[in-house]
Q: 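Let me give you the structure first, and then I'll get to my questions.
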Amino acid sequence: MPGSRKPECDYDVIVAGGGAGGVGAALGAAQKGAKVLLVEKYGFLGGAATSSNVLAYCGFFQQGETPVKAVGGVADLVLDELRGLGMDCDAFCSPTTLNWIILLEPEAVKLALDRVLIRNGVEVLLHTRVAAVARTSDRLQSVTLAGMDGRRRVAAEAFVDATGDANLAFLAGIACRVGNDQGHLQAVSAPILVGGRDKTIPIDRAAIVAGFTAYNRSGRYPTARSDGGIYTQVPRTGDMWWMMFDHAMLDLSSESFTKAEQAAREAAHDYVEVLRAHVPGFEAAYLAGTGPQIGIRESRHPAARYELTAEDILSGRRRDDAVARAAWPIEDHSIPGKPIYREIGGDGFADIPLDCLRAKDVDNLFYAGRLIGADALAYGSIRVMGTAFATGEAAGKAAAQVS
C-alpha cells in the first residue's frame, strides 16, 4: 500500500510515458497517496497532442446531437488548467465526422500538464527512457532509466506502461501482437498547421475536394483524404489545423518510420500548394508547422488479461467491473486516407473492465491509453486521448494498491 514501500523500492508507482494515459495514471496513483515517478522521452508532456499535432481531445463525449460527457475524474484537472490558460475546452462538433471533440493549442497543453503534475506531487523526468527491465516470473522489480546523466536503476512496487508502443512491456518480455491479427498496421497520420489564410473567406470544402481529386490522380502522395479531411481553427493562433495525410506502415522498423517522416514533410508542402492553387482565401497560405513526429495510430499490443471486443463496443456492453468508458466510435484507418467509422450501440458508450488494463501473467504491471487489451476493431475506439485519460487514471489507482 502507498506509504509502506519496501526499503529497496524508490517509488510506489513508476509510469512510463507522458501522454494522456501516462498523465492520467500518474495523477490517479498520486490521488491514492502513492509516491509516483513519470518518465517521458521528449522534453515535454502531452503525447500525440504535442508531439504529433493531434490538436483535439477525442473521446470525452459521446456521439449525438448534444455532447454527453463520458470522461471526468483527473482529466478535469487538466481541462481546468487549460481554461486557466485561456482555452474554453468546450465541446466542438467536427463538421466532417459530427463527433464531439475538444480543440487544443499545443503550448497550452504542455504548460498545463507540467503544472497539474507538479501541483499533485508527481515527480517527472523528461528526456528519459526505460532502457531495461528486471523481473521475476510474475512481477517487475525495477527499470533502468537512460537520461542525460546516464543510466540508473529505480525500483517500484508497481508499474504502468503508457508509452503507446508498449516499450516497457516489450522490454519485460511480454508477448506483443503487432497490428491486427494479420500483422497489418493502421495508417499513420501527419496533421499540419496552415497559416496565411484570409479568414474573411469561409473555407470551401468542395474546392478542397476538387483540388485533391486531381492531386490524387497524379500527385506524389495520393493518400490524401477524398472528403477534404478534418480541419478546424487552432484556438488563439488562428492557424488552420488540418488532418489530411495518411501513410501506410508496413512494419515497425526504423527504416519504415524514416520513410514515413520524410513522406509526411514532402506531402505537407505539396498539400499547401494545392490549397494555394485551388481554394479561395489560401492564395497567401504557408506551412506554419508540422509535429515533432508523425502520428502513430498503432504499433504493439501487449498481452492483457482481457481483450475488449468489437461486439463489446458495437453493443455498448455494460459491466459490473467497469473502470472506464469507451465513447468514441470505432475509427478504422486500415486503408490510408479512407477512415471507416462504426457507431457505439446501447447507451452510447461501452464499459472497460480492469482486466483490460492488467498485464497477462505479471501482477504489478498495468496498461494505459492505447495499450489496453482490445481486439483489432475495438482498438479503433479505445485508442483516443479522452479515453486514455480514463484508462490511465484507473491503471494508476490500481497500481497504487499493489503491495
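Predicted model only: the values in this text are computed from it and were never measured. What you see below is based on every heavy atom in this structure, not just the backbone, and it leaves out hydrogens, waters and symmetry mates.
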Q: Out of curiosity, Asp351 CG to Asp320 CG, how far, rounded to the nearest 0.5 Å?
A: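 Answer rounded to 0.5 Å: 9.0 Å.
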Q: Evaluate the side-chain hydrogen bond (donor to acceptor under 3.5 Å, both in side chains) criterion for residues Arg205 and Thr96: first the C-alpha distance (whole Å), next the side-chain angles of each, then the deciding distance (0.1 Å), finally the verdict.
A: CA-CA 10 Å; Arg205 182 177 290 275; Thr96 310; 2.8 Å; yes
Q: So, does Asp10 use its side chain to make a donor-acceptor pair with the main chain of Val154 at under 3.5 Å?
A: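 No, Asp10 side chain to Val154 backbone: no donor-acceptor pair under 3.5 Å.
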Q: Would Thr144 and Arg151 count as having a side-chain donor-acceptor pair, cut-off 3.5 Å?
A: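 No donor-acceptor contact under 3.5 Å links the two side chains.
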Q: Can you tell me how far apart CZ (Arg318) and CZ (Phe349) are? Round to the nearest 0.5 Å.
A: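 Answer for the CZ-CZ pair, Arg318 versus Phe349, is 3.5 Å.
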Q: Does the side chain of Asn364 come within less than 4.5 Å of Val362's, by heavy atoms?
A: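 Sidechains of Asn364 and Val362: in contact.
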Q: Using a strict threshold of under 4.0 Å (side-chain N to carboxylate O), is an ion pair present between Arg236 and Glu107?
A: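 So Glu107 does not pair with Arg236 through a salt bridge.
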Q: Taking Glu393 first and then Lys397, would you say they form a salt bridge - that is, a charged N and a carboxylate O separated by under 4.0 Å?
A: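 Salt bridge: yes.
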Q: With side-chain hydrogen bond (donor to acceptor under 3.5 Å, both in side chains) as the test, would you mind laying out the steps for Asp321 and Tyr306 before giving the verdict?
A: CA-CA 12 Å; Asp321 56 349; Tyr306 178 75; over 6 Å; no
Q: Would a 4.5 Å heavy-atom cut-off, applied to side chains only, mark Asn167 and Arg300 as touching?
A: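 Result yes, sub-4.5 Å side-chain heavy-atom pair found.
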Q: Considering non-hydrogen atoms only, spot the tightest contact between Val130 and Ala16 and give its length.
A: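 Closest approach of Val130 to Ala16: CG2-CB, 4.0 Å.
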Q: Do any N or O atoms from the side chain of Trp241 and from the backbone of Asn53 form a donor-acceptor pair under 3.5 angstrom?
A: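 Checked: pair present.
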Q: Does Thr128 reach the main-chain N or O of Leu126 with its side chain, forming a donor-acceptor pair under 3.5 Å?
A: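 Pair found, side chain donor or acceptor close to backbone of Leu126.
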Q: So how far is it from Asp332 CG to Tyr379 OH, rounded to the nearest 0.5 Å?
A: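 Rounded to the nearest 0.5 Å, the CG-OH separation comes out at 11.5 Å.
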Q: Under 3.5 Å, sequence neighbours excluded: what are the donor-acceptor pairs made by side chains of residues 63-71?
A:
from  : atom 1 : to    : atom 2 : distance (Å)
Gln63 : NE2    : Asn99 : OD1    : 2.8
Lys69 : NZ     : Asp76 : OD1    : 2.6
Lys69 : NZ     : Asp76 : OD2    : 3.2

Q: Do Val13 and Phe366 come within less than 4.5 Å of each other through their side chains, counting heavy atoms only?
A: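 No, every pair of side-chain atoms sits at 4.5 Å or beyond.
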Q: Flag the pair Cys93 / Leu98 as yes when at least one side-chain heavy-atom distance between them is below 4.5 Å, and no otherwise.
A: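 Yes, their side chains come closer than 4.5 Å.
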Q: Quick one: pull up CD in Glu273 and CG in Leu287 and give me the separation to the nearest 0.5 Å.
A: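 The distance works out to 10.0 Å.
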Q: Answer yes or no: is there a side-chain heavy-atom contact under 4.5 Å between Tyr215 and His278?
A: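 No; the side chains remain at least 4.5 Å from each other.
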Q: Evaluate the side-chain proximity of Gln262 to Thr258: yes if any heavy-atom separation is below 4.5 Å, no if none is.
A: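 They are in side-chain contact.
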Q: For Arg129 and Lys41, indicate whether the former's side chain and the latter's backbone hold a donor-acceptor pair under 3.5 Å.
A: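 It does not hold such a pair.
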Q: Show your working on ring-ring contact (aromatic ring centres under 6.0 Å, His included) between Trp242 and Phe282 and close with a plain yes or no.
A: CA-CA 13 Å; Trp242 194 25; Phe282 284 89; 7.7 Å; no
Q: Calculate, to the nearest 0.5 Å, the distance between atoms CG and OG belonging to Leu250 and Ser256 respectively.
A: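 Leu250 CG to Ser256 OG: 5.5 Å, rounded to 0.5 Å.
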Q: Search all heavy atoms of Met243 against all heavy atoms of Ser189 and return the closest pair with its distance.
A: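 Smallest heavy-atom distance, with atoms named: CE-OG, 4.4 Å.
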Q: Which atom pair, heavy atoms only, marks the closest approach of Asp246 to Ala187?
A: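 Residues Asp246 and Ala187, closest heavy atoms: CB-CB, 4.1 Å.
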Q: More than 12 heavy atoms of other residues, nucleotides or ligands under 6.0 Å from NZ of Lys110: yes or no?
A: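 Buried by this count: over 12 neighbours within 6.0 Å.
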Q: Can you tell me if Glu343 has over 12 outside heavy atoms packed within less than 6.0 Å of its CD?
A: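 Incorrect, the count does not exceed 12.
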Q: Do the side chains of Phe44 and Ser51 get nearer than 4.5 Å, heavy atoms only?
A: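 Yes, at least one pair of side-chain atoms sits under 4.5 Å.
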Q: Does Tyr271 use its side chain to pair, donor to acceptor, with the backbone of Tyr221 at less than 3.5 Å?
A: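 The answer is yes, because a donor-acceptor pair under 3.5 Å joins these two groups.
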Q: Please find the pair of heavy atoms, one from Ala388 and one from Gly369, that lie closest to each other, and give the distance.
A: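 Closest approach of Ala388 to Gly369, heavy atoms only: CB-CA, 3.6 Å.
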Q: Got a donor-acceptor contact below 3.5 angstrom from the Asp347 side chain to the Gly316 backbone?
A: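 Checked: no pair found.
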Q: Look only at the side chain of Asn120 and the backbone of Val122, and say whether a donor-acceptor pair between them is shorter than 3.5 Å.
A: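 No, the answer is negative, given that no donor and acceptor are paired below the 3.5 Å cut-off.
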Q: Among Arg139, Arg135, Arg305, find the residue that satisfies the salt bridge (charged side-chain N to carboxylate O under 4.0 Å, His left out) test when tested with Asp363.
A: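 In the set Arg139, Arg135, Arg305, the residue that makes a salt bridge (charged side-chain N to carboxylate O under 4.0 Å, His left out) with Asp363 is Arg305.
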Q: Between Arg177 and Gly179, is there a donor-acceptor pair closer than 3.5 Å when you use the side chain of the first and the backbone of the second?
A: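 Indeed, once roles are kept as given, a pair shorter than 3.5 Å links the two residues.
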Q: Is it the case that the side chain of Thr50 and the backbone of Leu45 share a donor-acceptor pair, with hydrogens and angles ignored and the cut-off at 3.5 Å?
A: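 The answer is yes, because a donor-acceptor pair under 3.5 Å joins these two groups.
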Q: If you count the non-hydrogen atoms of other residues, nucleotides and ligands that lie under 6.0 Å from CZ in Phe170, is the total more than 12?
A: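 Open.
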Q: With the side chain counted from C-beta on, respond yes when Glu307 and His301 share a heavy-atom pair under 4.5 Å apart, and no when they do not.
A: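 They are not in contact (no side-chain heavy atoms under 4.5 Å apart), so the answer is no.
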Q: Charged N to carboxylate O under 4.0 angstrom, Arg225 versus Asp227?
A: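 No, no charged N to carboxylate O under 4.0 Å.
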Q: Considering non-hydrogen atoms only, spot the tightest contact between Pro191 and Val54 and give its length.
A: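 The pair with the smallest heavy-atom distance is CG-CG2, 4.2 Å.
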Q: State, without any angle test, whether Asp165 and Thr163 hold a side-chain donor-acceptor pair at a distance under 3.5 Å.
A: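 No, Thr163 and Asp165 have no side-chain donor paired with an acceptor closer than 3.5 Å.
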Q: Tell me whether the count of non-hydrogen atoms from other residues, nucleotides or ligands lying under 6.0 Å of CD1 in Ile201 goes above 12.
A: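 Yes - once you tally the heavy atoms of other residues, nucleotides and ligands closer than 6.0 Å, there are more than 12.
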Q: Checking Glu298 side chain against Gln186 main chain: does a donor-acceptor pair fall under 3.5 Å?
A: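 Checked: pair present.
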Q: Locate the shortest heavy-atom distance separating Gly228 from Val209; write the atom from each residue and the value.
A: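 Closest pair (atom of Gly228, atom of Val209, distance): N-CG2, 3.9 Å.
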